[in-house]
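Below you'll find the structure, written out as structure tokens, and then a few comments.
Atom set for the values below is all heavy atoms of this structure, side chains included, hydrogens, waters and symmetry mates excluded.
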Amino acid sequence: EVGAEPHAIRKAYRKMAMKYHPDKNPQGRDMFEKVQQAYELLCATRQEVAEGGPDRVAILLMVRTQCILFTRHRETLSVYKYAGYPLLLSVMDVAPDAVVTGERAELMEASARLVYLTCLASPRNAEELLRENGVRVLCKLLFMVKSGVHVQTAPGDTSVKVIENILHTLSGMSTLAAGRAALRECATFGPDLVACLELMQCHKTVQFALECAGRSAVDADMQNWLVD
């Protein structure tokens, strides 16, 4: 369809890719390749790409592909240090006045999920994330996304998934002394953690917030900081 919006193109691509994917349809390889080529062409001709701007759709696909790899092959990848944090964190470090909805929210959700999966694969990745100032970026994104979530927000909302992935990651980072120290430097973390505990309709959000609070409060300094 001429003038189709990016989300409509992406939806049509997913539908056809699933239909002709060789894993599900051994006879569909040729069509699958044609679908891939057509999608790449459409992506390359979008205005934001033609103007030299970042291709969000391509970045989203790349991030989701990495999520699949770390989900299916975590043990194999655990021996390698993830080298993509600088680029990934630059994507997540959005401007303070940015609106995290639509395609941007989808990208933030996938990016936050990838951060969690890489840290889950290897403790070395958590240490690398700390070196790249990742805790600050995660807390900043948590603050921005949390401001648009309330007690009526559905558990499956993209913003809720962003929050859950961030909390899950910060919960793991809290087991490291350096991680707790980084959290204490983020003034918004404590209030946002409390606010997440109030989202009673979102069971996973509350669970991850409780885990994060429990793991953070293992030493007196962090306990006092959270109380203050």
Discussion item. Quick check on side-chain contact (heavy atoms from CB on, under 4.5 Å): which of Ile166, Leu183, Leu167 does Leu138 satisfy it with?
Written reply: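 Among Ile166, Leu183, Leu167, the one meeting side-chain contact (heavy atoms from CB on, under 4.5 Å) with Leu138 is Ile166.
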Give the minimum heavy-atom separation between [X] and [Y], together with the two atoms involved.
| X | Y | value |
| --- | --- | --- |
| Met173 | Cys119 | SD-SG, 4.4 Å |
| Ala105 | Thr158 | O-CG2, 3.5 Å |
| Glu198 | Val151 | O-CG1, 3.9 Å |
| Ala112 | Val162 | CB-O, 4.2 Å |
| Ala121 | Asn125 | CB-ND2, 4.5 Å |
| Arg136 | Asn133 | NE-ND2, 2.9 Å |

Flag side-chain contact, heavy atom, 4.5 Å: [X] against [Y]:
| X | Y | result |
| --- | --- | --- |
| Pro86 | Glu132 | yes |
| Leu141 | Met108 | yes |
| Thr153 | Ser159 | no |
| Leu107 | Met92 | no |
| Leu88 | Thr118 | no |
| Lys15 | Lys19 | no |
| Lys34 | Tyr20 | no |
| Val218 | Met222 | no |

With sequence neighbours excluded, tell me which residues meet salt bridge (Lys or Arg N to Asp or Glu O under 4.0 Å) with [X].
| X | result |
| --- | --- |
| Arg131 | Glu128 |
| Arg184 | none |
| Lys204 | none |

Euclidean distance, [Y] [atom2] relative to [X] [atom1], rounded to 0.5 Å:
| X | Y | atom1 | atom2 | result |
| --- | --- | --- | --- | --- |
| Ile163 | Asp192 | CD1 | CG | 8.0 Å |
| Arg104 | Ser111 | CZ | OG | 11.5 Å |
| Thr188 | Phe143 | OG1 | CZ | 6.0 Å |

Any chain of hydrophobic side-chain contacts (each under 4.5 Å) joining [X] to [Y]?
| X | Y | value |
| --- | --- | --- |
| Trp225 | Val227 | no |
| Leu142 | Val206 | no |
| Leu210 | Phe208 | no |

Item to complete: With sequence neighbours excluded, tell me which residues meet side chain to side chain donor-acceptor pair (under 3.5 Å) with Asn165.
Response: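 Checked Asn165 against side chain to side chain donor-acceptor pair (under 3.5 Å); matches are Glu109.
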Item to complete: Give a yes or no on whether a salt bridge exists between Arg64 and Glu106, defined as a side-chain N under 4.0 angstrom from a carboxylate O.
Response: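 Looking at Glu106 together with Arg64, the answer is yes, because their closest N to O distance falls below 4.0 Å.
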Worksheet item: ring-ring contact (aromatic ring centres under 6.0 Å, His included): which pairs involve residues 101-120, sequence neighbours left out?
Response: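 Qualifying pairs: Tyr116-His168.
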Worksheet entry | Results of side chain to side chain contact (heavy atoms under 4.5 Å, CB included) for Ala217 - residues two or more places apart only |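 Here the qualifying residues are Gln223, Leu226.
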Item to complete: Would you check if the side chain of Asn224 reaches a backbone N or O of Ala220 as a donor-acceptor pair within less than 3.5 Å?
Response: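 Confirmed, Asn224 side chain pairs with Ala220 backbone.
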Worksheet item: Is the count of non-hydrogen atoms from other residues, nucleotides or ligands lying under 6.0 Å from Arg14 atom CZ greater than 12?
Response: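 More than 12 heavy atoms, drawn from other residues, nucleotides or ligands, come within 6.0 Å of this atom.
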Worksheet item: With Thr205, which of Glu164, Lys161, Lys146 fulfils side-chain hydrogen bond (donor to acceptor under 3.5 Å, both in side chains)?
Response: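 So the option named by the test is Glu164.
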